[in-house]
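For reference, the structure is listed below as structure tokens.
All ligand and atom numbering here is 1-based and tracks the order in the structure. Computed over heavy atoms, backbone and side chain alike; hydrogens, waters and symmetry mates excluded. Numbers for residues simply follow the sequence, beginning at 1.
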Amino acid sequence: MCPAIAVSAPVGVMDSGVGGLTVLKHLTRQLPHEHFIYFADSAYAPYGNQSAVKIQQRCFTIAETLIAQGAKALVVACNTATAAAITPMREHFPLPIIGMEPAVKPAAAASKNNIIGVLATTGTLQSAQFAALLEHYGHGVQVVTQACVGLVERIEQGLLDQPETITLLNTYCQPLIDAGADTIVLGCTHYPFVRTHIQKIVGPDVTLIDTGAAVAKRLQQILTQQDLLNTTSDQGQLQFLTSGKEETQAIMRQLWQML
Ligand code: DGL
């Protein structure tokens, strides 16, 4: 039998790097009394061009670290890691694990002209999970996908506003603009950090969708169902861990302030 888990235990949140902070912000807003431990695997980022086996190994190592710190649930705040590792993680670890996938379903529902764009990593776009997502929700809509190679590396360094970053964003948004997409999915948790630039490039009439808020609602639902919600009225605490260099802590703090 598993020992009883204290409701005051933290929720572990993981990403290849700083991207999952955009999800953590939603989690802390939705669940202000929960404690969270965030793990940025910045020494191994980006995940987007790595094999599923390698990503699974990293996810298992991080999950073990977070569970050793007492985590009562895990949020895989990374589309790429979810696609590569969520199934074996759920089979192996006996705690609730919430993942995320590009918001194709809400985008298809929101689109007026039935043309949607998806910006994501190569790993996410090539995954079986993404193919299944299109199979389920992509009928009747034209889905234009674009892998944003090199973008995560720049966000990891905090280079959000540099001309090279804007050039990359212009390059990756152009095929979606050309196709006439009226709704664009930010299918990687790093991308909300450059949301303002993307919006400027694609224009104010295009709707940008990400999944942070939906993941926060899902976590709340699961914690409630499993009697794991923290019952205190105190403000939850945040702890930030990283496999990256010392400067990653400073970048994480800087990015966290921006959200
Ligand atoms: N933030 C990640 C995602 O949502 C992964 C980015 C990467 O490491 O390539 O897909």
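Contacts between N49 and ligand 1, counted as non-hydrogen atom pairs separated by less than 4.0 Å, are absent for every part of the residue. Under 4.0 Å from ligand 1, the heavy atoms of T121 that appear belong solely to its side chain. When heavy-atom distances to ligand 1 are checked against a 4.0 Å cut-off, V152 comes that close only through its side chain, counted from C-beta outward. Both the backbone and the side chain of C78 come within 4.0 Å of ligand 1, counting heavy atoms alone.
In this structure, the side chain of Y44 does not engage the main chain of R58 through any donor-acceptor pair within 3.5 Å. Using a distance-only test at 3.5 Å, with no hydrogens or angles considered, no donor-acceptor pair links the side chain of Q146 to the main chain of L176. Of the possible donor and acceptor atoms, one in the side chain of R195 sits under 3.5 Å from a partner among the backbone N and O of L208. With hydrogens and angles disregarded, a donor-acceptor distance shorter than 3.5 Å links the side chain of Q50 to the backbone of P46. A distance-only check finds no donor-acceptor pair linking the side chain of Q221 to the backbone of Q225 [under 3.5 Å].
No side-chain donor from either of S8 and N230 sits under 3.5 Å from a side-chain acceptor of the other.
Using 4.0 Å as the threshold, S16 has a heavy atom nearer than that to some atom of ligand 1.
Here is the list of ligand 1 atoms found below 4.0 Å of a heavy atom in P46: 7 (C), 8 (O), 9 (O). Each of the atoms 1 (N), 2 (C), 3 (C), 4 (O), 6 (C), 10 (O) of ligand 1 lies under 4.0 Å from some heavy atom of C188. Interface atoms of ligand 1 facing D15, defined by a heavy-atom separation under 4.0 Å, are 1 (N), 2 (C). The ligand atoms of ligand 1 that sit less than 4.0 angstrom from a heavy atom of T80 are 3 (C), 5 (C), 10 (O).
When all heavy atoms of W256 and L21 are compared, the closest pair comes out as CZ3-O, 3.5 Å.
Taking the centre of each ring, F60 and F93 come in below the 6.0 Å mark.
Backbone and side-chain nitrogen or oxygen atoms of G48 are examined, and one is located within less than 3.5 angstrom of a nitrogen or oxygen of ligand 1.
Closest to atom 7 (C) of ligand 1, if we only count protein heavy atoms, is Y47 N, 3.3 Å.
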